[in-house]
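Since the structure is predicted, the reported quantities are computational estimates derived from the model, not experimental observations.
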Amino acid sequence: MSETASKARGALDANRWKALVFIALAQLMVVLDATIVNIALPSAQQDLGISDGNRQWVVTAYALAFGGLLLFGGRIADLWGRKRAFVVGLTGFALASALGGAATSGAMMFGARALQGVFGALLAPAALSLLAVMFTDARERAKAFGIYGAIAGGGGAIGFILGGVLTEYLDWRWTFFVNIPFAIVAAAGAYFVIREPEGGRNRSPLDIPGVVLSTLGLVSLVYGFTRAESDGWGDSVTISLFVAAVVLLVAFVVTEAKVKAPLLPLRVVTDRNRGGVYLSLGLAIIAMFGTFLFLTYYLQVVKGFSPIQTGFAFLPMVAGMITGSTQIGTRLMTRVAPRLLMGPGFLVAAAGMFLLAQLEIDSSYGVLVAPALVLLGLGMGTAFMPAMSLATQGVEPRDAGVASAMVNTSQQVGGAIGTALLNTVAASATTSYIKDHIAGATGKPQQQLVQLQGVVHGYSVAIWIAVGILVLSAVLVATLVNAGRPGGSTVASVGGGDDVEDEIAVPVIAH
């Protein structure tokens with residue numbers, strides 16, 4: 001290697017760790033936004049005069065735009081270059097957040113949330129794919145994805161704390177305005193620090209039929225689960241949305257198998273390791289999101305915690321997540337096969353869920369809830385980090401953006417399914433419990449007690465389902481994920497044909 005090349009290599013090494021700071025900051029902003037707005041929703045609804053029937057659109061408008069456009073956003077990142085997509089995504093997200101904070105009506109708020117979803121769908125896959133193409137050494141990759149995984153998993157819980165503080169001591173509008181300094185710092189840092197490796201772009205023409213089919217299919221799927229939560233699974237519109245989603249997504253797969261330059265090359269998802277990651281991660285998110293919701297309501301409604309106290313109550317999970325991701329995952333990822341971290345990680349998280357399934361009205365936070373959250377965070381952190389890395393490891397450079405988008409898509413769809421499915425299970429179990437026990441309750445206090453017991457019983461039944469889902473995730477990992485540990489320094493040059501400008505080194509996965 002020449003002296004000039006060695007100097008360039010050294011500069012790149014230094015810069016990519018600086019770049020990680022700004023990528024992580026952007027990821028934290030996106031993850032925080034998923035929960036921070038939920039805390040502020042009651043105040044925003046009152047100020048803007050949003051009806052109870054329409055308030056769901058503050059969450060739904062974001063979820064539909066983000067979930068529906070992720071694959072398109074990943075492909076744009078591959079086409080434009082990840083750095084450019086990253087900076088544009090951050091700038092747009094900041095402007096949309098300013099619009100949301102300045103909202104004077106419900107319609108303006110819904111529009112701002114949809115715009116946040118649009119730019120988030122560009123930003124999220126660009127951030128993950130930048131890590132994939134910048135960190136190719138196995139040990140460095142383990143550290144980088146450990147930090148990223150901790151933020152991706154723990155940021156949502158931090159959002160509860162920040163949302164509670166801002167709403168209680170400032171104003172709900174600051175839950176939007178707080179994104180602006182995050183975005184400015186991350187965009188400025190990325191512009192000056194990130195040096196994306198040459199040769200990873202996919203300059204093929206856009207697959208317009210694929211864009212239309214995938215966007216409409218994912219929007220129908222996410223909206224179907226959203227409607228199922230509010231209108232029931234038997235609602236005619238809900239059923240129509242699910243049927244439309246199946247038809248559109250099947251048509252999308254058929255189209256991708258035939259077109260010359262597909263939006264989602266099927267080689268990305270048919271690889272057994274990546275397919276195993278997408279499936280197991282999506283299922284784990286189903287279990288996790290539903291439980292977040294139940295625990296938030298349990299702490300506030302049943303135990304009487306304030307929003308800020310509820311946020312801080314999630315800190316044991318954040319601590320477990322950071323420990324699992326940066327200590328266990330990072331230290332062992334280059335020494336053992338990914339499935340030996342992911343499978344046990346999901347089982348440890350299932351053990352935490354098992355504890356939560358024992359919830360009763362008078363359960364102690366310190367004795368039951370906190371230890372359960374530690375186990376949940378520890379397991380998820382240990383599993384998420386190798387999953388995030390494996391989902392983009394060994395992929396062709398020109399596919400890095402769309403492979404990263406699939407990780408985000410599995411999480412987004414998993415979150416929508418988890419919220420709707422587990423909420424429906426809990427509501428049904430609660431109704432059944434109250435119906436069976438209310439007759440024996442004499443007087444209003446006894447009836448209120450039965451209703452509270454019914455609510456907690458509903459949460460417990462739904463959390464048992466979450467336990468089973470996490471065990472299923474572990475089984476899928478054991479069945480599908482067969483990649484060996486990443487080689488410490490062995491790299492292979494992967495050419496992308498005519499669509500790839502140059503070759504790029506990526507880690508080899510030994511089987």
Side-chain angles (χ1 to χ4, degrees), residues 26 28-70 73 88-124 155-156 158-184 215 218-219 222-227 229-231 237 289 292-293 296-297 300 307-308 310-311 412 415-416 419-420 423:
L28 179 61
M29 180 189 72
V30 173
V31 175
L32 283 176
D33 193 72
T35 51
I36 197 172
V37 173
N38 291 350
I39 296 287
L41 184 53
S43 302
Q45 180 185 355
Q46 187 176 0
D47 272 10
L48 300 178
I50 301 171
S51 69
D52 286 348
N54 285 333
R55 69 181 174 188
Q56 62 155 329
W57 284 102
V58 176
V59 176
T60 304
Y62 178 85
L64 292 181
F66 188 70
L69 292 171
L70 271 167
V88 170
L90 278 168
T91 305
F93 200 91
L95 291 172
S97 297
L99 186 66
T104 55
S105 67
M108 189 172 171
M109 168 70 80
F110 305 150
R113 289 291 284 160
L115 275 176
Q116 280 187 315
V118 169
F119 286 105
L122 181 63
L123 174 61
I158 297 171
F160 284 119
I161 301 171
L162 193 56
V165 170
L166 291 173
T167 303
E168 194 159 324
Y169 294 113
L170 291 172
D171 186 75
W172 66 264
R173 296 181 185 277
W174 281 97
T175 61
F176 286 90
F177 291 146
V178 74
N179 291 329
I180 298 172
F182 275 98
I184 290 172
T215 300
L218 288 170
V219 164
V222 173
Y223 190 36
F225 279 107
T226 303
R227 271 196 70 98
E229 183 185 356
S230 58
D231 296 88
V237 177
F289 266 59
F292 273 176
L293 188 69
T296 302
Y297 278 110
Q300 290 194 38
I308 294 177
T310 302
Q412 184 66 24
T419 304
N423 233 11

Quick one: list whatever passes ring-ring contact (aromatic ring centres under 6.0 Å, His included) with Phe177, sequence neighbours left out. Trp174
Taking all non-hydrogen atoms of both residues into account, name the closest pair between Ile50 and Phe110 and its distance. CG2-CZ, 3.9 Å
Return the set of residues passing side chain to side chain contact (heavy atoms under 4.5 Å, CB included) with Ala103 (not counting sequence neighbours), or none when no residue passes. Leu48, Met108, Met109
Closest contact, heavy atoms only, Leu123 versus Met29: CD2-CE, 3.8 Å
Run the side chain to side chain contact (heavy atoms under 4.5 Å, CB included) test against Ala121 and tell me which residues pass, sequence neighbours left out. Phe66, Leu69, Leu70
I need the minimum non-hydrogen distance between Ala183 and Leu90, along with the two atoms involved. CB-O, 3.7 Å
Taking all non-hydrogen atoms of both residues into account, name the closest pair between Gln116 and Ser97 and its distance. NE2-OG, 2.9 Å
Considering residues at least two apart in sequence or located in another chain, which fulfil the ring-ring contact (aromatic ring centres under 6.0 Å, His included) criterion with Phe93? none
Could you tell me which residues satisfy ring-ring contact (aromatic ring centres under 6.0 Å, His included) with Phe225, sequence neighbours excluded, listed by chain and number? Trp233, Phe242
What heavy-atom pair brings Val118 and Ala65 nearest, and what distance separates the two atoms? N-CB, 3.8 Å
Minimum heavy-atom separation for Phe182 to Leu28, with atom names? CE2-CD2, 4.1 Å
Side chain to side chain donor-acceptor pair (under 3.5 Å) with Asp171: which residues, sequence neighbours excluded? none
Using the test side chain to side chain contact (heavy atoms under 4.5 Å, CB included), find all partners of Ala112 that sit at least two apart in sequence or belong to another chain. Leu99
